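All remarks here apply to the structure that follows.
Every value quoted in this text rests on a predicted model; they were computed, and no experiment measured them. Residue numbering restarts at 1 for every chain, and letters A, B, ... go by the order of the sequence lines.
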Amino acid sequence: MSEHLLEVNQLKTHFKTETGQVTAVDGISFHIDEGETLGVVGESGCGKSVTSESILRLLNERKGNTTYEGEINYRGKDLLNVSMKEMRKIRGNEISMIFQDAMSSLNPVYTVGNQIMETIILHQNLSKKEAEQKAIDMLALTGIPSPEKRIHEYPHELSGGMKQRVMIAQALSCRPNLLIADEPTTALDVTIQSQILDLMEDLKKEYDMGIMFITHDLGVVAEICTRVIVMYLGQIVEEATVKDLFDQPLHPYTKGLIKSIPQLDGERKKDLFVIKGKVPTLNDVPKGCRFASRCSFSTDKCVEEEPPTFEHTPEHKVKCWHYKEILEKEGADFGKERTTTASH
Amino acid sequence: MEKKEPLLQVTNLKKHFPIKNSFGFTKNHVKAVDGISFELYEGETFCLVGESGCGKSTAGRTILRLTEPTEGEVIYEGKNIVDYNPKEMLNIRKKMQMMFQDPFSSLNPRKRIGTILEEPLDIHGIGKPKERTDIVMDLLNRLGFQADQYYRYPYEFSGGQRQRIGLARALIMNPDLIICDEPVSALDVSIQSQILNLLREIQDEFNLTYLFISHDLSVVRHIGDRIGVMYLGKIVETGPTDQIFQDPKHPYTKALLSAIPSPNPHRKRERIELNGEIPSPIDPPTGCAFHTRCPFAMDICKKETPKNLEVESEQFVACHLYTEEGAKEKEMTNA
Amino acid sequence: MEAAIEKTNKAQLQKEMKKQQRKLMLKRLLRSRMALTGFIILIVATIITFAAPLITSHDPLQVDPVNRLQAPSADHYFGTDDVGRDVFSRVVYGIQESMFVGLAVAFVTAILGIIFGLYSAYYNTLDHIIMRINDGLMAFPSILLAIAIMAALGPKTVNVIIALSVVYTPLIARVVRSSALVIKEQTYIEAMKSMGGSSNRIIWRHIAPNTLSPLLVQATFVFAMAIINEAMLSFLGAGIPAPEPSLGNILYDGKNVITKAWWMTLFPGLAVILITLGLNMFGDGMRDILDPHSNKSN
C-alpha cells in the first residue's frame, strides 16, 4: 500500500463560516504514483482547489478556521499531523505548486531570478552564485530564450506564457517529487497552452515526478493525464484511467460533463446537453447522493441513501447506485457513439 | 449566388490607442485593430476568433463606438454610423446591444435585477414605469426566472444566472444585433452549454444577428455560421465555419486549430507548434504580421502585406502562400 | 384578481427583503464590538446634544464670582470655572456646539466632496484642474489653513464650519475619486454606455451609489477631525467667540488655572477624546460592515 507517492485517505476539510461549519471536501480518497499525472476535474466549487490546498496545508488553521479529518500519507508521513515547521520544509521542496494566475503569483517588486533563487536558497545549501546558475538552468529548461538576461527582468516585463514558465521553473527548482498544478493553463491562449502542456509532459518524464493536475477543461485532461478523478460537491464521484473515463464514463455527472462540451468534430448547431438544475450549496448538502436532484436516473434510494464507491474494475470506481443498470440501458457504446458522430 | 445586402458592414476599421510619454505627447500607438473589414448578414452568427491581444474585443467595442474608431467605416442599414452625432447614435444603440464576458462586474451590485433591466427602457423613454415592469417580468419569465427574482440583487445569483440576466438586458430593447463578447468563457462547462443553447434559441425567436467574439474554437465551431480569424489587429482568414474547420488555409488558422486539446484521448492531433509569442501591437512586424512565427515564411512576407484573396468560395485568406507574388518567390526558390 | 394577488405578493416580498437586509446590517453592527462601542458613545453624545436644557440646572453663561473655582460637588458636578460658571453645563453645551459644528462640516464636505470627486474621476480634463487645486489645499497644514480662513472671515460659528469645510473637502473628494475611478472601469458602466445612458445618469445613478460606503466612513472621520479642530481653533481664539461655551473655549479658560482647577481642563478634554474616539471606532467598524465583499459570503 505504501508504495504510492501520495495517498489521501478519507480526507475531510471543514471550514468555519458566518453561517456555521461547512465541509468543502467530504471524505475523498485517492493516490498518486511517481511518473503519473492525475487529473482532478470538476466545476467551480466542487472542492478541487481545496483538496490541493489541504495537501499542502495552505489553508488558515488558526482559531479552528479550517479543520481536517482523515489522513494524507506522503512517504510514510501523515501530512495532517506534521508540524508547520516540517510542512514548510516539504512545501516547495518535495511538493510544489503552480497556480492559475501567474500574474499575481509572482511578486512584482522582485526580479524573476530573485524569486527562483529564493526557493532554491531556502531549501538547498547553495551559495548565491550557485543558486543563480541553477535559476538560469531552470529557466533554460522551461524553454525561456536567453535566460541569463531574463533573470534580471521583473514579472511585468514578461508575457503570460513566459510567467507561467517562470512559475514552473520556480516550482521545479528543488526537484519536487510531486507537483500540484492548479489550472496552470486556464489563463493562457491555446497555442501557448499547448506549449506549456508539452513542457510539463517533458519535465515529468525527466524528473519522474507525480503531477496532480487540477482543471475544468476535459480537453486538457484527455491530452495530459493518465488517470482522472471527477469531483462533485466535495466528493469524488468517479475515478478512472483517461481512456476509460472518455470511452465509458459511468457516473451520470461525468457523462453530462462530457456531453455538454461543444465538440470539435461531429454535428454542429444542435442543442448541447444540459445538466438540469444547479449545484446545491455546501450549506445545504443533500443527504443521499449529492447529484440526485440533477440526475435523470435518480430514484428514491438515491435521495435517501448516499451511495458507496463501487469498483467497476480495480481501476475504475464510481459513486452511483445505478451505474450497472445505466450501463446496460445506455449500452457500452458511449464512446463509440461519439466517435461515430465524429465521422460525419 | 445571391448577393444579400449586409446588415452591418465594417470597412477598414482601425483603432489605434495613443501611448503618451510623461509630457503628455503621443510617442506611439497601440494598433489594437488595424484595418479589419467584414460583413454581417441578417440572422447569421459571425464569430471573431483569436488569441488574447489580437484586438477582437476592441473591434466589438469600436463598432458600437464605445471607443471612437481611428479610421474606417461601420455601415449599418446603409448608413455610416461613425459619423453619427450622439443623438442619432442613441437610436442605433436601441438596435445594437452588447453582452459581456464577466458575469460579476457586468451587473451593478447595488441595483436590483428589475431596476437593472428596466434602465434601458427608461433611457429610451419606453413605456410607463408599470408597463416597464411588465415587459421585464415577461422577459425574465421567458428566460426561466421566477417573479421574485425581480427584486433580488446580483450577488444572490450564480455566474450562469447572471449571464442570463446580461442577455436579458441586451434583449430588452428588442435589438437586431447583439455583440457577444466572450459570453461563456467565464462559465463552467455545464453552465456554458445552457447559455449556448439559450443563445441559439433566442436567435430564432427574436430574429437576431450575432457578432460573437471568442477565443474558444470549439464554442465558435458550435455556434458560428461564419468565422473571422484575427491575429495582431488584422483578420487573416474569413469563411464559413465548416470550411474553415475542415480546410483552414492560413498557417495561423491551421496552428490555432491544431492546438485545441480534444476531449477524446484516442485522437492525437498532428500539432503545428508555433514558436515564440505574439509580437507587441505597438510595433507589429512589417509585411505579414504573422511572418515572425510562421513555419512557411518567405522573404516577401517580411516586405509586403498580403492581399485578402478569395481562395475558395466565400473563404478569404490574407497570406502570401496564395498570392501571385508569393507564387513567384516559391518558383524562384525552387529553381 | 390573480394579478392583484401577484402584486401584493411582490410588494410583500420586496418589504421582506429590505427587512432581511436591515437585520443583517444590525446583526453585523452588534457583533462588531468596536463599531458598537463607537455607536453607543455617539448615541450618548447625541442625547446630550438634544437634551442639554434638561440635564443642566445652571445657565452655562451665568457668572457667579462668589463661587469661582469650586471643586466638583453635588451642586456643580464638574465644579465651577474662574468666573464661577458651572463647568458641567458649559461642557454639555460645548458638546452640543461641537456636535453641531462636526456634523455640519461632515455634511458639507460630503456633498462637495462627492461632486468634485465624481466629476474629476469621470472627466479627464476636469480631473487635472480639480486635483491640482486639491493638492494645493492639502499642501497646507490643515490647522494653519483653517486659522488663515478664520482670520479672513472673523470668529463666528458659521465661519468655523466654512473654514473646516474648505480644509476637509479635498480629503473626501480624493476618497470619492479613487473609488469612482475603480467603479468607472467596471463592465456595468460600459454596459450603460452601450445602451445609451447619458454621462450624468452614469455618474449619479451608477457610480455615486457605489462610492457611498467609503464616503460615509470618511465623513465619520472628518466629523471627528472637525471636532478636534474646532476645539483647537477656539482654544487659539480663532474659533467660536469667547463667552459661548465650546469645548475649546473651556479648555482655553482652564489653561491659566490648570494647577488650581484640574476639573476645568479634564472634563472638556475627556469629552473631546471620547467623542472623537467614538467616531473613529464607529467609522472603522462601518468600513468592515459596509464592505460589499462581506455581503457576498451570505
Side-chain angles (χ1 to χ4, degrees), chain A residues 41-46 145 158-162 185 187-195 197-198 216-225 241-247 253 256-265 267-276 278-279 281 294 335 338-339 342, chain B residues 45 49-54 157-161 184-198 200-201 215-225 241-242 245-246 252 255-269 271-278 280 293:
Chain A
V41 185
E43 299 180 281
S44 38
C46 72
L158 303 175
S159 68
M162 282 296 164
T185 58
L188 303 176
D189 287 316
V190 272
T191 54
I192 309 297
Q193 167 172 291
S194 76
Q195 290 172 5
L197 291 180
D198 285 349
H216 68 278
D217 187 334
L218 289 165
V220 172
V221 168
E223 198 109 322
I224 194 172
C225 298
T241 62
V242 164
K243 284 210 167 81
D244 283 349
L245 190 86
F246 286 96
D247 288 349
Y253 176 63
L257 271 189
I258 295 174
K259 278 194 280 180
S260 60
I261 23 176
Q263 295 289 313
L264 276 172
D265 28 35
E267 240 177 289
R268 300 198 300 117
K269 289 236 159 195
K270 60 170 188 197
D271 269 359
L272 291 166
F273 181 82
V274 170
I275 303 175
K276 65 178 182 190
K278 61 175 182 182
V279 190
T281 63
R294 307 178 68 192
R338 280 172 56 246
T339 30
Chain B
T45 304
V49 61
E51 298 182 282
S52 48
C54 72
F157 292 90
S158 66
Q161 284 175 314
V184 295
S185 8
L187 304 174
D188 277 323
V189 273
S190 69
I191 312 294
Q192 173 178 304
S193 64
Q194 279 179 26
I195 299 291
L196 288 177
N197 285 349
L198 184 66
R200 287 198 32 234
E201 263 171 53
H215 71 278
D216 188 333
L217 287 148
S218 45
V219 168
V220 162
R221 177 177 180 275
H222 180 77
I223 201 161
D225 294 304
T241 305
D242 286 322
F245 272 82
Q246 265 153 31
Y252 178 64
L256 203 57
L257 289 178
S258 76
I260 325 168
S262 152
N264 189 342
H266 301 292
R267 298 180 80 252
K268 287 280 174 224
R269 272 174 185 271
R271 270 209 212 130
I272 303 172
E273 283 293 343
L274 288 185
N275 298 322
E277 317 231 347
I278 302 174
S280 154
R293 299 174 77 196

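Note on V279(A), D198(A), D217(A), L188(A): by heavy-atom pairs under 4.5 Å with chain B, the leading option is D198(A). Highest contact tally toward chain A, considering only I191(B), D242(B), T45(B), is held by D242(B) [criterion: heavy-atom pairs under 4.5 Å]. When the candidates L187(B), T241(B), I223(B), V219(B) are compared by the number of heavy-atom contacts under 4.5 Å with chain A, T241(B) comes out ahead.
Of the possible donor and acceptor atoms, one in the side chain of D189(A) sits under 3.5 Å from a partner among the backbone N and O of S52(B). One N or O on the side chain of Q195(A) and one on the backbone of L274(B) form a donor-acceptor pair closer than 3.5 Å. D271(A) places no side-chain N or O within donor-acceptor distance of the main-chain N or O of N197(B), the cut-off being under 3.5 Å.
D216(B) meets the salt bridge (charged side-chain N to carboxylate O under 4.0 Å, His left out) test with no other residue; sequence neighbours excluded.
Minimum interatomic distance between S262(B) and E223(A) (heavy atoms only, all atoms of both residues): N-OE1, 3.9 Å. Closest approach of P262(A) and L196(B) over heavy atoms only: CG-CD1, 4.0 Å. Between V189(B) and S260(A) the shortest heavy-atom distance is O-OG, 4.0 Å.
In this structure, the portions of E51(B) lying under 4.5 Å from any heavy atom of chain A include both its backbone and its side chain. If you measure heavy-atom distances from R200(B) to chain A, the contacts under 4.5 Å come from the side chain alone. Proximity to chain B (any heavy atom under 4.5 Å) is shown, for V221(A), by neither the backbone nor the side chain.
S193(B) pairs in a side chain to side chain contact (heavy atoms under 4.5 Å, CB included) with only one of the listed residues (L257(A), V274(A), I275(A)), which is V274(A).
For K278(A), the NZ atom is loosely surrounded, since the number of other residues' heavy atoms within 6.0 Å does not exceed 12.
Counting heavy atoms from C-beta on, the side chains of S218(B) and I261(A) never come closer than 4.5 Å.
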